[in-house]
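Working notes, structure below.
Residue numbers begin at 1 in each chain, while the letters A, B, ... track the order of the sequences. Here the structure is a predicted model, which means the values were calculated and not measured.
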Amino acid sequence: MLQIALWKRLSILLVCVIGLSLAAPNLFYGPVERHNDAITAIERGAIETPELTEALAGWPEFLPSGLVNLGLDLRGGAHLLAEVQLQDVYAGRIDGYWPEVRDALRGVRDQVGTIRRQDSAPDALRVRISNPEGMQVAVNTVRAIAQPIVSLSGVGQTDIDVSGAGDILTVTLSEAERAATDDRTMQQSLEIIRRRVDEAGTREPTIQRQGTDRILIQVPGIGSAQELKELIGTTARLTFHPVIQSSVAADTRPDADQLVHPTMDEPLRYVLLERSPVVTGDDLVDSQPGFDQNGLPAVTFRFNPSGARKFGVYTAENIGSPFAIVLDEEVVTDPVIRDAITGGSGQITGNFGVEEANRLSILLRAGALPAEMVFLEERTIGPELGQDSIDAGQIASLVAMAAVVVFMVLSYGLFGAFATVALGINVALIFGVLSLIGGTLTLPGIAGIVLTIGMAVDANVLVFERIREELKTARGPARAIELGYEKALSAIIDANITTFIVAVILFTLGSGPVRGFAVTLGIGILTSVFTAIFVTRLLIVFWFERRRPKTIEV
Amino acid sequence: MRLRLVPQDTAWDFMRYRKFTLGASVVAIVLSLVAWLVLGLNFGIDFLGGTTIRTESVQAVDVGAYRDALSPLGLGDVTITEVFDPTFAADQNVAQVRIQAQDGTGSVSPEVISLVQGALTALDPSLTFASVESVGPKVSGELITTAIIALAAAIGAMLVYIWLRFEWQFAVGAVAALVHDIILTIGIFSLLQIRFDQATIAALLTVLGYSINDTVVIFDRLRENLIKFKKTPLIEVMNRSVNETLSRTLMTSGTTLLALIALIVLGGDVIRGFVFAILWGVIVGTYSSVYVAKNVVLLLGVDRDPQSPSKAGTQSGSSEA
């Protein structure tokens with residue numbers, strides 16, 4: 001009768017104690033947060049200032065220091081949903097094949113004749129050969145360039161599709177190569193956004209991939225979505241092109257292997273460039289803001305060895321001709337090469353100020369975004385609104401809690417009091433679990449907790465009502481309590497599993513605040529079942545063992 | 001002396017009102033659908049695309065002046081509403097400016113937002129912008145699809161779960177109750193023109209969770225009583241089950257409602273729509289688990305002796321008594 005094994009009692013108590021201690025830091029949110037920030041700062045190599053030391057001392061080292069993250073709607077900050085224009089990358093990839101294709105076809109010139117690149121869709125390479133009979137040879141020659149793809153899905157496939165019709169040879173990226181490229185583009189974009197946001201020094205940003213081509217960026221504490229967009233929205237793609245003609249009309253129609261770009265500081269001058277760059281920003285290893293010999297703001301950069309070699313060879317071969325430094329489709333400068341530049345470093349000056357030079361160097365250092373991004377959704381929440389919501393949520397939770405406690409005690413007396421103790425533990429456990437898994441509390445999440453406060457007593461109510469019924473028939477209070485728990489169990493389990501399914505669906509399909517709600521609801525269900533069937537029961541058993549009442553009133 | 005919401009050992013004849021309640025439910029569903037079709041839903045930017053800007057100022061909100069300041073910008077449909085809430089401070093004047101979705105698939109351009117902010121600050125220098133949210137039409141379309149999938153998935157999952165744990169008649173009954181609750185909630189949102197956004201969908205799903213919770217508890221008791229009272233007519237067993245669980249039903253609804261009322265009064269205006277949906281859903285859900293779910297099961301009938309195939313006749317399972 002009414003036995004709970006010692007190890008079970010200890011485990012239940014242990015879970016409660018662990019939960020409570022994990023939840024505790026949230027009561028001291030400010031100091032703990034400063035403590036955690038100080039640790040991160042020191043890990044990143046900051047020098048220990050008195051402020052840092054003080055922040056460190058603000059919370060003892062040996063206590064748990066995990067906190068519930070506050071969602072953007074509570075803390076304020078910016079939220080962006082960006083769509084990466086994946087097809088942008090195809091054009092660059094396919095352009096990259098042109099020199100190789102050209103050289104390969106030149107090697108079989110006696111059979112295919114002369115070759116010429118044609119205009120085409122940006123993601124295809126079309127080449128006209130003067131001798132259509134040689135098409136088969138041309139196709140085979142270009143196919144020989146193709147590389148096998150190294151990826152899980154693309155086993156046995158090559159990176160390009162080559163076809164010939166009439167005198168036109170077409171090269172496109174294969175399906176598998178596109179998929180692999182997409183994946184790489186996304187990884188790269190994520191990495192670069194992360195680096196840029198980190199450079200700006202904001203805390204706990206969320207940068208997540210969503211679906212095939214979306215990136216969700218949430219940065220708490222930043223002033224506006226606009227600021228965030230300026231930081232991450234710029235592609236900052238730096239390329240170095242040979243110049244064909246220094247000044248052309250704006251409406252010049254370039255050949256397929258050429259480009260026309262405007263200049264940054266001379267509004268009416270356009271430059272005709274070779275499409276394939278000599279070196280790109282991908283080969284950069286460092287970039288710093290600085291000043292040139294005339295005291296104007298400048299950005300210095302350094303290439304990695306392979307970039308330095310390519311740049312050195314090119315400049316050595318082309319002394320006396322101009323080359324252009326192009327940033328995001330604008331010619332920053334197009335100097336004439338005076339000497340071979342073999343050291344692998346250089347400097348860009350242009351029409352920009354100190355601040356811009358600074359930002360540009362951050363962007364160059366973090367790397368160029370491989371593709372442009374379109375922003376589908378943006379939200380800015382001011383910190384005051386968030387604080388108001390927290391305050392309102394706190395008051396509502398306390399009032400809800402008090403009301404439920406009064407109601408339960410009035411209805412079930414001592415057993416109601418047990419249930420409210422369990423309810424308190426339940427709320428603490430929710431915070432404990434949220435802190436442990438680094439969950440995010442959102443405004444609907446607070447509503448979820450308040451709702452859980454209301455619903456958490458349900459399992460207790462089921463049991464107590466059952467005990468009442470059993471008291472009418474069963475022999476003695478102990479037996480009634482035991483039967484009450486036994487018989488209420490199936491209803492409790494079924495009712496909570498169904499609600500839990502809903503929470504899982506909400507989590508899978510929801511986004512942002514809705515997800516936060518799903519997490520608190522789901523955790524709330526688990527903890528409330530735990531507190532109702534174990535904690536309340538343990539309390540009742542403790543009480544029963546001490547008092548051994550002959551009759552009980554529920 | 002204990003607080004008792006219901007007297008002990010009730011034997012109220014709930015099922016007596018089944019024709020009336022069935023009629024009432026049908027009428028309510030029809031009215032909700034009519035409201036939905038005629039009045040439509042007041043969709044938020046999550047589902048329609050567009051931009052909302054929440055402004056706060058120490059000066060009183062002059063909706064007309066705001067409108068005049070924004071009309072030269074040519075942004076199409078601009079709605080300005082003043083927001084009132086008991087939790088606001090005395091000099092806290094809040095307004096909500098909503099701008100329709102502009103062309104293209106992306107969110108509203110930063111230029112547009114700074115134009116709007118500039119125009120409003122010129123009018124009232126103390127104005128601050130508590131939040132700016134912008135959703136592009138491309139995403140909003142997808143959000144609608146996801147919302148519908150979420151609701152369908154939840155209902156489907158409930159159907160399967162109840163079917164596995166109980167009988168198919170119970171599953172149909174429970175799902176009928178769920179659909180009833182959702183339609184009635186959509187109806188009240190349409191009738192009162194409360195803003196319907198992503199959070200409302202979350203609220204609808206929560207209502208689903210709550211309503212099914214309630215239904216399952218009564219079904220669980222019904223299942224138990226059907227085994228206990230084999231010869232009693234279904235309708236009486238149902239009545240008995242409802243009566244036996246009545247105290248629990250009212251207790252749970254009571255505590256949940258208490259918590260929700262605290263939230264709706266004190267929780268601020270940002271989540272009021274969300275909380276209202278849940279509050280309404282709890283009331284409707286409690287009603288529907290007693291009447292809609294039961295009515296449907298009663299109409300479908302229950303195979304009282306699932307152990308033996310129906311052809312095998314009269315010698316029923318004495319094994320389980």
Next on the checklist: Enumerate the salt bridge (charged side-chain N to carboxylate O under 4.0 Å, His left out) contacts for residues 195-209 of chain B, please, sequence neighbours excluded, ordered by first and then second residue.
Outcome noted: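 Salt bridge (charged side-chain N to carboxylate O under 4.0 Å, His left out) check on residues 195-209 of chain B returns B:Arg195-B:Asp197.
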
Over all atoms of both residues, closest heavy-atom pair of [X] and [Y]:
X        : Y        : result
A:Val502 : B:Leu205 : CG1-O, 3.1 Å
B:Asp220 : A:Ala491 : OD2-CB, 3.4 Å
A:Val399 : B:Ala262 : CG1-CB, 3.8 Å
A:Ala400 : B:Ala259 : CB-CA, 3.6 Å
B:Val216 : A:Ala495 : CG1-N, 3.7 Å
B:Ala157 : A:Ile505 : CB-CD1, 4.2 Å

Less than 4.5 Å to any heavy atom of chain B: does that hold for the side chain of [X], its backbone, both, or neither?
X        : answer
A:Glu465 : side chain
A:Leu81  : side chain
A:Asp391 : neither
A:Phe464 : neither
A:Leu462 : both

Distance (rounded to the nearest 0.5 Å) between [X] [atom1] and [Y] [atom2]:
X        : Y        : atom1 : atom2 : result
B:Thr51  : A:Arg379 : OG1   : CZ    : 10.5 Å
B:Ile212 : A:Ile501 : CD1   : CD1   : 9.0 Å
B:Ser131 : A:Glu384 : OG    : CD    : 11.0 Å
B:Asp214 : A:Thr499 : CG    : OG1   : 10.0 Å
A:Ile381 : B:Glu133 : CD1   : CD    : 5.0 Å
B:Thr255 : A:Leu423 : OG1   : CG    : 9.0 Å

Checklist entry - Stepwise, does the side chain to side chain contact (heavy atoms under 4.5 Å, CB included) test hold for B:Val132 with A:Glu378? => result CA-CA 8 Å; B:Val132 179; A:Glu378 50 184 282; over 6 Å; no

Checklist entry - In terms of heavy-atom pairs under 4.5 Å, which option from A:Met408, A:Gln394, A:Arg468 contacts chain B the most? => result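 Most heavy-atom pairs within the cutoff with chain B belong to A:Arg468.
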
Item to check | Interface residue of largest heavy-atom contact number with chain B, from A:Val504, A:Thr498, A:Val461, under 4.5 Å | outcome: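 Greatest number of close heavy-atom pairs with chain B: A:Thr498.
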
Checklist entry - Ion pair present between B:Glu142 and A:Arg214, side-chain N to carboxylate O less than 4.0 angstrom? => result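 Salt bridge: yes.
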
Checklist entry - Is the closest basic N to carboxylate O distance between B:Glu224 and A:Arg466 below 4.0 Å? => result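 Yes, B:Glu224 and A:Arg466 are salt-bridged.
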
Only pairs of heavy atoms separated by less than 4.5 Å count here; which of [options] has the most with chain A?
options                                : answer
B:Ala199, B:Ala154, B:Ala153, B:Ser247 : B:Ser247
B:Val217, B:Ile278, B:Ile271           : B:Ile271
B:Arg221, B:Arg54, B:Glu244, B:Glu56   : B:Arg221

Checklist entry - Does the side chain to side chain contact (heavy atoms under 4.5 Å, CB included) test come out yes or no for B:Phe166 and A:Asp494, once each step is laid out? => result CA-CA 10 Å; B:Phe166 299 89; A:Asp494 277 336; 3.8 Å; yes

Part of [X] within contact of chain A (heavy atom distance under 4.5 Å):
X        : result
B:Met158 : side chain
B:Ile149 : both
B:Asn213 : both

Checklist entry - Where do B:Arg165 and A:Ile497 land on the side chain to side chain contact (heavy atoms under 4.5 Å, CB included) test, with the steps shown first? => result CA-CA 11 Å; B:Arg165 292 283 296 166; A:Ile497 285 182; over 6 Å; no

Expected list for residues 447-460 of chain A: side-chain donor-acceptor pairs under 3.5 angstrom, two or more places apart:
residue	atom	partner	partner atom	Å
A:Thr452	OG1	A:Gly448	O	2.5
A:Asp458	OD1	B:Arg248	NE	2.8
A:Asp458	OD1	B:Arg248	NH2	2.4
A:Asp458	OD1	B:Thr252	OG1	2.6
A:Asp458	OD2	B:Arg248	NH2	3.1
A:Asn460	OD1	A:Thr536	OG1	3.0

Item to check | Trace of the side chain to side chain contact (heavy atoms under 4.5 Å, CB included) decision for A:Thr380 with B:Phe129 | outcome: CA-CA 9 Å; A:Thr380 309; B:Phe129 301 95; over 6 Å; no

